[in-house]
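Below is one structure, written out as structure tokens; comments come after it.
As a basis for the values below, the full set of heavy atoms in this structure was taken, side chains included, without hydrogen atoms, waters or symmetry mates. Note that this is a predicted model, so its numbers are computed, not measured.
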Amino acid sequence: MSDNQKKAELLTAPPRSRLFGHQRSPSMEFKELTKKDAQLSLAIELDKLLKTMPEGHKQVVEKDFDGFKKLFGKFINETGPSVHWDRIEKLPQDAILPYASLPCPADKESIRCMLDQLVVIKLNGGLGTSMGCSGPKSVIPVRNDLTFLDLTVQQIEYLNKKYNANVPLVLMNSFNTDDDTMKIIRKYSGFNVSIKTFNQSRYPRINKESLMPIAKSCSTEDDKEAWYPPGHGDFYQAFSNSGLLEEFVDQGKKYCFISNIDNLGATVDLNILNMCLNLNREFVMEVTDKTRADVKGGTLIQYEGKLRLLEAAQVPKEHTEDFKSVKKFNVFNTNNLWISLPAIQRVVGENTLDMEIIVNPKQLNEGLNVYQLETAVGAAMKCFDDASGINVPRSRFLPVKKTSDLLLVMSSLYSLDNGSLIMSPKRMFPSTPLIKLGDNHFKKVSAFLSRFGSIPDLLELDHLTVSGDVTFGRGVSLRGTVIIIANHGDRIDIPAGAILENKIVSGNLRILDH
């Protein structure tokens, strides 16, 4: 019997007994067939790609493709929303612990013993392209010519020296960042830090219409745009595949602390580590109070008896405003996570990892529309037992995504202490200023740096908006709310030593030396 005859027979067959509690209709039969067809077609296409790979390298690619097939199967078979709004339960009283309630570990020996059970993992898969830099984002200088990576190594070396501990640093690279990172970390060979790396998976982008891979061969070099690293939810499987998870568990390590490499507030916190070990928590997510600037961040909810992450993408359109409400959902996820290593081993081994798929549409250079299927590391929270949130100070969330963030961390608002950024005690209030710099003139790091004679004093700043062709002389001080707008064709030069307090500057201002 030909494939077409089989399909015809299936389509004309009487409805089968109930599937997922629904009576089967011919149209549902057709949909099921097309889903199966898509998965079969994908498997055939991936096999073709695998044949373009040299024998010695096939194993890694096969593991990646197995992971992608699972993700694709979930994407194809997903029906309905992942969260039904009316089933969200009230958060239990002890679901989110206040940071201030955590006891501080006192003696040096118990701290050393705690640290020896810890592994620090930094998510290092991203490039610096959004800030106009080539190579890994982690090598952008952020303070005193020190990069994100330099600061991280300094922090961990300081802990290891101070407590005579052995906390390893693990970098999760992507195929975009691995080569450069491996060259860069050689310079840390003399430091008191053991640095390990592993690569997250490399998945094929799929055509938006056909849902098939756009790659013609397995070589990234042939077409870099055909591949992508599938978000940080890939951490669990990739970490396990690398052999590092087993290695650390065998060494007696109990917890990993995971964070984004560009979050300069994500330092090892002894109080949180102490809490994880004492309460045997399997998964702890650091959250912090939401402000109106954080409405897009994921939040914690109780759902079907489990604590879980709710992302903006999962929210039905009619509830978007509820989700953004600072009153209803008053905290957001910092993506600083403390997770039990044996528990990761269990959920990976039992194949019980279940993370919502993020469908990320992209348009490539030639105008081709593709999908990237991704997952988020925090979304696995519901797969672990004994999970909790901890409401941490805002200082533990200091991400550098744009040059406006860079302006903050380069300023006198912060000082450096063994790789950690500490807010100046001269700042009267703990919140950081809100800064918006126009993309046209400030987006790229090189352009941004060329516009400042020196980084202005921001100690008393609440809000800064800069738009258009604006430059700052040396020793400028900005206080309160400052808005500087140079209209198209105009230029504003803020003179050296100027103090702007609650000022709006617009039009054309050039002060020339004579």
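- Of all heavy-atom pairs spanning Val377 and Phe283, the tightest one is O-CZ, 4.3 Å.
- With a 6.0 Å radius and a threshold of 12 heavy atoms from other residues, nucleotides or ligands, Leu416 has its CG atom above the threshold.
- A donor and an acceptor atom, one from each side chain of Asn335 and Asn260, are located under 3.5 Å apart.
- With rounding to the nearest 0.5 Å, the separation of CG in Leu368 from CD in Glu209 is 9.5 Å.
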Only distances under 3.5 Å count here; give the side-chain donor-acceptor pairs of residues 476-490 to other protein atoms, sequence neighbours excluded, each with its distance to 0.1 Å.
unit_1: Ser477; atom_1: OG; unit_2: Arg479; atom_2: NE; d: 3.3

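- In this structure, Lys328 and His319 have side chains that are not in contact, with every pair of non-hydrogen atoms separated by 4.5 Å or more.
- For Arg394 (side chain) and Thr288 (main-chain N/O), no donor-acceptor pair under 3.5 Å exists by modelled atom type.
- At distances below 3.5 Å, at least one donor-acceptor pair connects side-chain atoms of Tyr255 with backbone N or O atoms of Cys276.
- With Arg143 contributing its side chain and Tyr414 its backbone, the two residues share a donor-acceptor pair below 3.5 Å.
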Could you walk me through whether Leu459 and Ser412 pass side-chain contact (heavy atoms from CB on, under 4.5 Å), step by step?
CA-CA 7 Å; Leu459 273 173; Ser412 58; 4.3 Å; yes

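- Using a 30° and 60° split on the angle between ring planes, Phe329 and Phe323 fall in the tilted class, from 30° to 60°.
- Side-chain contact annotation: Gln314 with Ser82, donor-acceptor N/O pair under 3.5 Å present.
- Within the 4.5 Å cutoff, the side chain of His441 has no heavy atoms near those of the Arg491 side chain.
- When all heavy atoms of Met355 and Lys74 are compared, the pair lying nearest together is O-NZ, 2.5 Å.
- The environment of NZ in Lys402 is sparse: at most 12 heavy-atom neighbours from other residues, nucleotides or ligands sit within 6.0 Å.
- No side-chain donor-acceptor contact under 3.5 Å links Lys137 to the backbone of Ser130.
- Between the CZ atom in Phe248 and the SG atom in Cys256 there is a gap of 9.5 Å [rounded to 0.5 Å].
- In this structure, Asp457 CG and Ile499 CD1 are separated by 9.0 Å, a value rounded to the nearest 0.5 Å.
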Let's go through Phe75 and Ile206 carefully: what are the C-alpha distance in whole Å and the side-chain angles of both, what is the deciding distance for side-chain contact (heavy atoms from CB on, under 4.5 Å) to 0.1 Å, and is it a yes or a no?
CA-CA 12 Å; Phe75 161 68; Ile206 54 175; 4.3 Å; yes

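- Scored by the salt bridge (Lys or Arg N to Asp or Glu O under 4.0 Å) test, Arg202 finds no partners at all (sequence neighbours excluded).
- Take Lys161 and apply the salt bridge (Lys or Arg N to Asp or Glu O under 4.0 Å) test, not counting sequence neighbours, and it matches Glu157.
- The one candidate from Asp178, Asn173, Thr152 that meets the side chain to side chain donor-acceptor pair (under 3.5 Å) condition with Asn124 is Asn173.
- Taken from CH2 in Trp338 to CD in Glu286, the straight-line distance is 6.5 Å, to the nearest 0.5 Å.
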Between Phe257 and Ile272, is the side-chain contact (heavy atoms from CB on, under 4.5 Å) condition met? List the steps.
CA-CA 10 Å; Phe257 170 48; Ile272 300 176; over 6 Å; no

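- Residues Leu171 and Ile261 have side chains in contact (heavy-atom distance under 4.5 Å, counting atoms from C-beta outward).
- Taking each heavy atom of Phe175 and Tyr228 in turn, the nearest pair found is CE2-C, 3.6 Å.
- At least one side-chain heavy atom of Ile455 sits under 4.5 Å from a side-chain heavy atom of Leu407.
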Test side-chain contact (heavy atoms from CB on, under 4.5 Å) on Val331 and Asp289; report intermediate values, then the result.
CA-CA 4 Å; Val331 294; Asp289 290 344; 4.0 Å; yes

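- Put simply, the side chain of Thr403 gets close to the backbone of Phe442: a donor and an acceptor are under 3.5 Å apart.
- Although no hydrogens or angles enter the test, the distance criterion places no donor-acceptor pair under 3.5 Å between the side chain of Asp222 and the main chain of Ser217.
- Between Ser388 atom OG and Leu97 atom CG the span is 5.0 Å, to the nearest 0.5 Å.
- One finds a salt bridge joining Lys401 and Asp262 here, because a Lys/Arg side-chain nitrogen approaches an Asp/Glu carboxylate oxygen to under 4.0 Å.
- For Lys187 and Asp150, the salt-bridge test passes: some basic side-chain N is under 4.0 Å from an acidic carboxylate O.
- Proximity of Leu300 to Met381: side-chain heavy atoms (C-beta onward) are separated by under 4.5 Å at one or more points.
- Counting only distance, with no hydrogens or angles, the side chain of Arg205 and the backbone of Glu225 share a donor-acceptor pair below 3.5 Å.
- Between the side chains of Asn263 and Asn336, at least one donor-acceptor pair of N or O atoms lies under 3.5 Å.
- Between the side chain of Gln200 and the backbone N or O of Gly231, at least one donor-acceptor pair lies under 3.5 Å.
- Here the closest heavy-atom approach between residue Leu244 and residue Lys196 is recorded as CD2-CD, 4.0 Å.
- Residues Leu307 and Gln302 form a side-chain contact, since some pair of their non-hydrogen atoms from C-beta on lies under 4.5 Å apart.
- Remark: side-chain polar atoms of Arg112 are not paired, donor with acceptor, to backbone N or O of Tyr163 under 3.5 angstrom.
- Atoms CE and CG, on Met285 and Asn391 in that order, are 13.0 Å from each other to the nearest 0.5 Å.
- In terms of heavy atoms, Lys162 sits closest to Lys108 at O-CE, 2.7 Å.
- Here the side chain of Asp234 pairs a donor or acceptor atom with the backbone of Ser201 at under 3.5 angstrom.
- Taking the side chain as every heavy atom from C-beta outward, Ile344 and Phe384 approach each other to under 4.5 Å.
- Considering only heavy atoms from C-beta on, Pro399 stays 4.5 Å or farther from Asp405 through its side chain.
- Comment: Asp179 does not engage Lys183 in a salt bridge, judged by the lack of any side-chain N to carboxylate O separation of less than 4.0 angstrom.
- With no hydrogens or angles considered, a side-chain donor-acceptor pair links Asp269 and Tyr99 at under 3.5 Å.
- The minimum heavy-atom distance between Val139 and Thr147, with the atom names listed, is O-CG2, 3.2 Å.
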